[in-house]
Student: 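To start, I am sharing the structure in question, which I have written as structure tokens.
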Amino acid sequence: MTTANKDKLSSARFSQATDAFVEIFTASVDFDQRMAPQDIEGSVAHATMLCKIGILTEAERDSIFTGLKQISEEIEAGNFQWSIQQEDVHMNIEARLTELIGMAGKKLHTGRSRNDQVATDIRLYLRSEIKVIITVLQRLQLALLDLAEKQADTIMPGFTHLQVAQPITFGHHLMAWYEMLVRDKERLEDCLKRVNIMPLGAAALAGTSYPIDRHLTAELLGFSRPSNNSLDSVSDRDFAIEFTADASIIMMHLSRFSEELVLWASAQFAFIELPDAFCTGSSIMPQKKNPDVPELVRGKSGRVTGHLMSLLMLMKSQPLAYNKDNQEDKEPIFDTVDTLINCLRAFADMVPHIEAKPENMYSAAKKGFATATDLADYLVKKGMAFRDAHEVVGAAVKLGLDSKRDLSELSLAELQSFSEMITDDVFDVLSLEGSVAARQHIGGTAPDTVRKAINTARSAL
Ligand code: ARG
């Protein structure tokens, strides 16, 4: 046992000072000081409510306001003395408040516990960060729409199994990414509904005997309502798990974008050129231009999913109500927020400068018999059963492979040797342009359809 602080929380109950290592081990102030603005916001609302119900005089309330304002300025200016002895952000601020204003500072914690306080702070913090995330996400969506518009007519191979499947437009491909982000945004907005509920008033776990007005506090803090059950309020972090799950899905999407960008920027594909400002060179190979930004984003997706796993494991097996385990929720939450915002920002900044190489995309689409399905559909429209048409086209593809020619490069006579139903209008469907233009239904890849989808998306944004 060391001589560590004797001025610990509830010190009267203890006859031994906290072990110096335990003091450091249990403290969270190094990371939870990040929630200071929310902690102060919560205290202002709590003091307002305590005064309204007659627990604090107006003079006490006002002196709490003045003290908290000064603390907030000290923190912003970097002059606040954070101390490990005061364990966490809540105790640090309260101790400083009492130092500044005396007795009124000691009354602030009436009818409140750090358990409902911390749950409130995290919710306030996440609420404001989710709004920031949605704003950056929308910036990326806009960038995708602009690029898709420019590339609405650009033909490229569409892939399944990473094998050339059917021709599509680059604009259509970009709009697929856009659609993923639409759902990502909806998920965040939905999550916000469950984040924005107020735990304050649950106190340690059982509520409080003071005649608190939880509706007033909720209203002051912009929460949609007070929570329904005090035990649940101080305990569950499911809202944070849900947020981290939503963040993991976004990162998974960004990781898929990244993978395609990395492939396409390679000399083997050469479909796009990434902006120099988003790539780096190699320290040894002078010719290299590495797609570092998408690679890093792809890597960071694992990190965020890791945080989701941490939070799930943190919560599982915890009995009601609050347990100190929950202090471990902060770092995964903060890092998820930072990582997600940085990755979205990197993409939003990079996407407008992605340069397409339409000639390379076009010749790649020409290579893989991408219009084979169109030929089968052509025969079906002339009266052949689809399975038979599939067979006929398979034979035509074989001839193309053997003679190293695309279907559109076979002669009419050669094509007719596979089916008499084929006439010279067949070349309209064998062209890449004809193939994409024919797919005009909702969700299809035809350039005009893609432009319509972009317009609809623009008015929804
Ligand atoms: N620092 C704590 C946390 O992050 C605050 C709540 C502590 N409550 C308690 N009774 N020890 O969860």
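When a ligand or atom number is given, it counts from 1 through the structure's own listing order. Counting from 1, the numbers follow the sequence of the chain as shown.
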Student: Measure from NZ or CZ of R123 to the centre of the six-membered ring of F223 and say whether it is under 6.0 Å with the direction within 45° of the ring axis.
Tutor: no
Student: Report the residues that fulfil side chain to side chain donor-acceptor pair (under 3.5 Å) with D292, sequence neighbours left out, ordered by chain and then residue number.
Tutor: T280
Student: Identify all pairs of nitrogen or oxygen atoms, one from ligand 1 and one from the protein, separated by less than 3.5 Å, and list them with distances.
Tutor:
unit_1, atom_1, unit_2, atom_2, d
ligand 1, 1 (N), S28, OG, 3.3
ligand 1, 1 (N), D88, OD2, 3.0
ligand 1, 1 (N), Q327, OE1, 2.8
ligand 1, 4 (O), K330, NZ, 2.7
ligand 1, 8 (N), N115, OD1, 2.8
ligand 1, 10 (N), N115, OD1, 3.2
ligand 1, 11 (N), R114, NH2, 3.4
ligand 1, 12 (O), Y322, OH, 2.5

Student: Scan residues 168-189 for pairs that pass salt bridge (charged side-chain N to carboxylate O under 4.0 Å, His left out), counting only residues two or more places apart or in two chains.
Tutor: D184-R187
Student: Hey, can you tell me if F257 and F347 have their rings parallel, tilted or perpendicular (30° and 60° cut-offs)?
Tutor: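 Taking F347 first and then F257, their aromatic rings sit tilted (interplane angle of 30° to 60°).
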Student: Once the angle between the rings of F170 and H173 is folded into 0 to 90°, is it parallel (under 30°), tilted (30 to 60°) or perpendicular (over 60°)?
Tutor: tilted
Student: List the atom pairs, with distances to 0.1 Å, where a side-chain N or O of residues 203-213 and a protein N or O form a donor-acceptor pair under 3.5 Å, not counting sequence neighbours.
Tutor:
unit_1, atom_1, unit_2, atom_2, d
T208, OG1, Y210, N, 3.3
D213, OD1, H215, N, 3.2
D213, OD1, L216, N, 3.0

